[in-house]
Each structure stands twice: as C-alpha cells, then as structure tokens.
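Notes for the one structure printed next.
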There are 2 protein chains.
Amino acid sequence: MSANSRLTIAAHALTWIGLYQRRGHEVATSEQIATSVNTNPVVIRRLLAQLSKAGLADSRRGAGAGWMLARDLSAITLLDVYEAVEPGPVFALHRATPDPECVVGRGIGPALTAVYDGVEAALRRELAGATLEDVLRDILKAA
Amino acid sequence: MSANSRLTIAAHALTWIGLYQRRGHEVATSEQIATSVNTNPVVIRRLLAQLSKAGLADSRRGAGAGWMLARDLSAITLLDVYEAVEPGPVFALHRATPDPECVVGRGIGPALTAVYDGVEAALRRELAGATLEDVLRDILKAA
DNA sequence: GGCGTCGTAACAAATACGGTTACGACCAGA
DNA sequence: TCTGGTCGTAACCGTATTTGTTACGACGCC
C-alpha cells in the first residue's frame, strides 16, 4: 500500500498545539511544531491549512502569529482529522474500465464497491472512536 | 490516499478463473483474464504469482498451460486476497523519527499505533466477511 | 516602518504504480 | 525430437504521489 503519513503528522501537530496551549501559551508557530515532528515548517503549514478549512485549527497572522485549536482536543476525533487530510478512498477500482462484454467485467465493480463501502464505514467507526484527548492521555501516561 | 487497484484486479482475476472453470474449462490463460480486466497479461501474471505463493491459485506450464484456482471460490475471502497482494499497513507513521526531546514526539508513535492496529483489525474483519463466492453471486444476480 | 509569521506557489528528489517489451523455462502434442 | 503456446521474471518507461525545500508576498503587532 502506498500509505502516507498525513494523518499521523496532522494528529501530531494538533496534539502538540493542544498541549502547548494547556501549558499557558496562546499560539504555536509552525516552526515549533516542525521541530517536534522533525520536518519542514512548510509541511506543517500545508497540513494546518487543510485542518483550518475543516474547522479544526485557526491561525493568527502578523507579529506574534501562530496556530491555535478551533476546538478542544476532546472534541476532535481522528476521523475528523482523517477527513480533513485524506481525500480519496482506501481501495481503488480498475484504472481502465474492464471489458463490458464480460459478465465479470461488468459486474465486478459494483460488487466490490459494496464491500469497499463496508470497509470504509468500519474504518471510520474506528477512527471516530478515538479523540485527540485520548491520544494525549496515552502519551502522558506512557511518559 | 494513494490507493492502488491490486486488490480489485486480483479479486477480478480469481473470480474470472472460478467462473471459467465452472463452465467446464480446465485452465485460464493470463491473456484471457487480461482481456476481461482490460490490462496487460504481464500485470495479471505478476499478481497471480503472488496469489500462487499465498496458496490461492496454481499454474500449469508448457502447452495447454494456464491458471486454476487452488481452492474453491467459497473458500477464498477478500482478506486472503488482500494479504496476498498488499504488503504494508494502511497508515504510515512519521517518515523521519520525531523529536525524542519532546513528550509528544516520543509518545505519539505508540499512541497512534494502538489506534491504527484497531483500524487494521476492523478492516480485516470486513474483508474476511466476503468470499469470492459472494462476489460472484452478486455479479450474476445483477446480470 | 520593521520584524516575524502565515499562506502559497514553484520546484526537486524519492518512491510507487501500472504498462510494455523481452526472453528463457517449460511441456503437451505432432 | 521438434514446435508452439504459455508461464515466470527481469528490465525499463511514463505518470502520479508524497515529502522536502526555497522563495516571496501578505499581514499585523510593536
């Protein structure tokens, strides 16, 4: 699978902001977050821009600028983050449409779509069951 | 998501072989299957080679060569096919290891892994619930 | 007005995926 | 024994995706 790390990085960034704010700070800069994630600040800004569109984060510009949560960590599930940063489905159908002269070629798409829809639903249920608050609790417990 | 179509193509190929055999033929060639899938025979041979290693299909060489199922369609689940053709997990962790000086950087990996494991388990349960026999039944019902 | 940060475009490197060509291995049948 | 059809696999290409990087204008507090 061509698995990417966007969900991981986005969850990391939001959790980091949440903890930082709980420690009394107003906003977090993309540079600070990038240091914890160990990547480039632009990567963080790109992801946070998507999370901002989804209503999970907000930014402040000008001097003393940075990022803050739009909702509390307990009100953000991993499903919210997933939907904000992952556009497509988990499984793809055929790249080129199969032979329409063939029974299997005609019917396999709809048949698999039914199963794939169930898979996506199950995946979403799992992700919806974990909030970033849960994730942060896990982190602090292990520390 | 960088979703690929290997599960779809592999399920298509096996289902096609199954139906072909039920119609009285001994073996199916990669060329016949490729026609139904609308791709190159080598793509089919590559996938069937993996399915053969996983014990789902068998090949016969020489003249009158081709492919046959190693088990009945009713004894092959989509999970079997998935495990045969998809090596990696659905979600990836960080590409570069996060800052070990940071609480979040240290703990986010294990915390997310726990959730991701649950997601993979749910995904597998769903795929295990559908056999290729089910898929073929769907196809023939819709035809 | 200056400084620090966001927002975003542009580009590069690495990887993944699917398609294609090529060719030796293999084996039933003539 | 030869022949023809198919497998098995390597090699390569084009495209797309992902991530990292540089660059620069926009913005707003001091």
Side-chain angles (χ1 to χ4, degrees), chain A residues 1-10 12-13 17 20 25-35 37-54 57-68 70 85-98, chain B residues 1-10 12-13 17 20 25-35 37-54 57-68 70 85-98:
Chain A
M1 185 76 74
S2 59
N4 63 54
S5 59
R6 277 199 296 270
L7 177 58
T8 296
I9 308 299
H12 186 152
I17 299 173
Y20 195 62
H25 302 88
E26 285 258 338
V27 296
T29 69
S30 60
E31 177 135 17
Q32 295 172 313
I33 303 169
T35 299
V37 175
N38 188 17
T39 184
N40 192 289
V42 176
V43 174
I44 301 298
R45 292 208 288 273
R46 268 202 297 241
L47 275 174
L48 284 175
Q50 294 185 259
L51 298 170
S52 166
K53 273 180 199 139
D58 277 319
S59 67
R60 182 190 292 171
R61 307 188 60 171
W67 295 87
M68 66 199 81
V85 300
E86 288 292 350
V90 175
F91 296 121
L93 292 183
H94 308 70
R95 172 178 290 197
T97 60
Chain B
M1 187 74 75
S2 60
N4 64 53
S5 60
R6 278 199 294 269
L7 177 57
T8 296
I9 308 300
H12 186 152
I17 298 172
Y20 195 62
H25 302 89
E26 286 257 339
V27 297
T29 70
S30 60
E31 178 135 17
Q32 296 172 312
I33 303 168
T35 299
V37 175
N38 188 16
T39 184
N40 193 290
V42 175
V43 174
I44 300 298
R45 291 209 290 272
R46 268 203 296 240
L47 274 174
L48 284 175
Q50 295 186 258
L51 296 170
S52 167
K53 273 180 200 141
D58 276 319
S59 67
R60 181 189 294 171
R61 308 188 62 170
W67 296 87
M68 66 199 80
V85 300
E86 288 292 350
V90 175
F91 296 120
L93 291 183
H94 306 70
R95 171 177 292 198
T97 61

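Naming convention: chains lettered A, B, ... in sequence-line order (proteins, then strands); numbering from 1 in each chain. Since the structure is predicted, the reported quantities are computational estimates derived from the model, not experimental observations.
- Mapping K53(B) and A96(B) onto DNA chain D via the closest heavy atom, the residue that lands nearer the 5' end is K53(B).
- Expressed to the nearest 0.5 Å, how far CG of D58(A) lies from OG of S52(A) amounts to 5.5 Å.
- One interatomic measurement links the two molecules: CG of D58(A) to P of dG7(C), which rounds to 10 Å at whole-angstrom precision.
- Regarding R95(A), its CZ atom lies at a distance of 10 Å from the P atom of dC17(C), rounded to whole Å.
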Given protein heavy atoms under 4.0 Å, the one-letter contact record of nucleotides 20-25 of chain C, with B base, S sugar-phosphate only and - none, is simply BBB-BB
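- Between I9(B) atom CD1 and dG18(C) atom P the separation is 7 Å, expressed in whole Å.
- For dT5(C), the OP1/OP2 oxygens have no side-chain nitrogen or oxygen of S30(A) closer than 4.0 Å.
- Nucleic acid contact class of G64(A) (heavy atoms, under 4.0 Å, all strands): none.
- With sequence neighbours left out, the salt bridge (Lys or Arg N to Asp or Glu O under 4.0 Å) criterion links R95(B) to no other residue.
- Here the closest non-hydrogen pair linking R6(B) and V85(B) is NE-O, 3.1 Å.
- Atom pair L47(A):CG and dT21(D):C1' shows a separation of 15 Å (rounding to whole Å applied).
- Counting to the nearest Å, the C1' atom of dC6(C) and the CE atom of M68(A) are 12 Å from each other.
- Under the side-chain contact (heavy atoms from CB on, under 4.5 Å) criterion, A54(B) pairs with L56(B), A84(B), sequence neighbours left out.
- In this view, R61(A) satisfies the salt bridge (Lys or Arg N to Asp or Glu O under 4.0 Å) rule with no residue, not counting sequence neighbours.
- Atom CG in L48(B) sits roughly 12 Å away from atom P in dT9(D) (whole-Å rounding).
- Between the CZ atom of R6(A) and the C1' atom of dT18(D) there is a distance of 7 Å, given to the nearest Å.
- Residues passing the side-chain contact (heavy atoms from CB on, under 4.5 Å) test with A28(A), sequence neighbours excluded: W16(A), I17(A), Y20(A), Q32(A), I33(A).
- Rounding to whole angstrom units, CG of residue N4(B) and C1' of dA16(D) are separated by 13 Å.
- In terms of the side-chain contact (heavy atoms from CB on, under 4.5 Å) criterion, residue partners of N38(A) (sequence neighbours excluded) are, by chain and number, A96(B).
- When the side-chain nitrogen and oxygen atoms of T29(B) are compared with OP1 and OP2 of dT6(D), none of them lie within a distance under 4.0 Å.
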